[in-house]
Amino acid sequence: LSPRPDSSWDAAYERELQTFEDIGDAGEIWFGEESMVRIIRWLEKQKVPLDSPVLDIGTGNGVLLIELAKSGYTNLTGIDYSPSAIQLSEKVREKEGMSGINLKVEDFLAPSAELSGFEICIDKGTFDAISLNPDNAVGKRKQYVRSLCSVLKPEGFFLITSCNWTKEELLNEFREGFEIVEELPTPKFCFGGRIGNSVTALVFQRK
């Protein structure tokens, strides 16, 4: 995932939108299928009620929401600041015939007032993308944490999947207002005899 200005994200989703219209392919799934399975398994293990309000931050093509809906979750919202991404996820939702999914164009760094009261917030790669923004990344990360505090209920859970940050770094980024519940297992890779994780997946709870 390399830093790209906003307009090229839009262009990327416009291409995926065109591809979906041509061949019905929803495009790339950030971090692959296993990251979606990991999130859904955790929710099921926690016995999170199926009608709990869930927010997918930076939903992209909306495929995670489709998988959540297939698993029985009924109160799902996906946001993305790219209108093309939301158009694409709407088309994917229509193709799959899923009704309990609400999609809207929103900038998470300046969320609208009605974006609140979520029990679960999920982020796969959006915090990474914000962190890579060459324009005031530190300020944007702080604003992200403030936004998260405003949309997530106290004691609500935040599931983040990142390929840019270690567990220690994420604990530091989210220390204001959040505590870690657990680290989810992610695939390990071996490089030069040292074993590391290319992906970090953590569950936080809002204090």
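The structure displayed is predicted, hence computed values, not measured ones. For the numbers below, each heavy atom of this structure counts, side chains included, while hydrogens, waters and symmetry mates do not.
Considering only heavy atoms from C-beta on, F178 comes within 4.5 Å of L148 through its side chain. With a 4.5 Å cut-off on side-chain heavy atoms, T161 and V199 count as touching. When side chains are defined from C-beta on, V203 does not count as touching F158, because their heavy atoms never get closer than 4.5 Å.
Between F108 and Y81, the gap from one ring centroid to the other reaches at least 6.0 Å.
Every residue two or more places apart in sequence or in another chain that forms a salt bridge (charged side-chain N to carboxylate O under 4.0 Å, His left out) with R141 is listed here: E173. Every side-chain contact (heavy atoms from CB on, under 4.5 Å) that S150 has, sequence neighbours left out, goes to P111. By the ring pair (Phe, Tyr, Trp, His ring centres under 6.0 Å) test, F118 is found to be paired with no residue, residues two or more places apart in sequence or in another chain being considered. Residues forming a side chain to side chain donor-acceptor pair (under 3.5 Å) with N75 (at least two apart in sequence, or on another chain): none. Applying the side chain to side chain donor-acceptor pair (under 3.5 Å) test to T77 and every residue at least two apart in sequence or in another chain returns nothing. Considering only residues two or more places apart in sequence or on other chains, R175 meets the side-chain contact (heavy atoms from CB on, under 4.5 Å) condition with N172. N136 meets the side-chain contact (heavy atoms from CB on, under 4.5 Å) test with no other residue; sequence neighbours excluded. Residues passing the salt bridge (charged side-chain N to carboxylate O under 4.0 Å, His left out) test with E176: none are found, sequence neighbours excluded. Every salt bridge (charged side-chain N to carboxylate O under 4.0 Å, His left out) that K153 has, sequence neighbours left out, goes to E119. Listed by chain and residue number, nothing satisfies the ring pair (Phe, Tyr, Trp, His ring centres under 6.0 Å) test with Y73 (two or more places apart in sequence, or in another chain).
Listed by first and then second residue, the side chain to side chain donor-acceptor pair (under 3.5 Å) pairs that reach into residues 105-118 are E106-S112, sequence neighbours excluded. The salt bridge (Lys or Arg N to Asp or Glu O under 4.0 Å) contacts involving residues 39-63 comprise K45-E182, where partners must be two or more places apart or lie in separate chains.
Summarising the local packing, NZ of K104 is surrounded by more than 12 heavy atoms from other residues, nucleotides or ligands at distances under 6.0 Å.
In the hydrophobic clustering of this structure, I120 does not group with L170; members are Ile, Leu, Val, Met, Phe, Trp, Tyr whose side-chain heavy atoms approach within less than 4.5 Å, directly or through other members. When the side chains of ILVMFWY residues are joined at heavy-atom separations under 4.5 Å, either directly or via intervening members, I66 and M36 end up in a single hydrophobic cluster.
Counted by atom type alone, T200 and W165 present zero donor-acceptor pairs between their side chains at under 3.5 Å.
Nearest heavy atom pair, residue S71 against residue L50, reads O-CD2, 3.9 Å. Nearest heavy atom pair, residue I79 against residue I86, reads C-CD1, 4.1 Å. The two residues G58 and D80 make their nearest non-hydrogen contact at C-OD2, 3.5 Å.
For the pair K140 (side chain) and D135 (backbone), a donor-acceptor distance under 3.5 Å is present.
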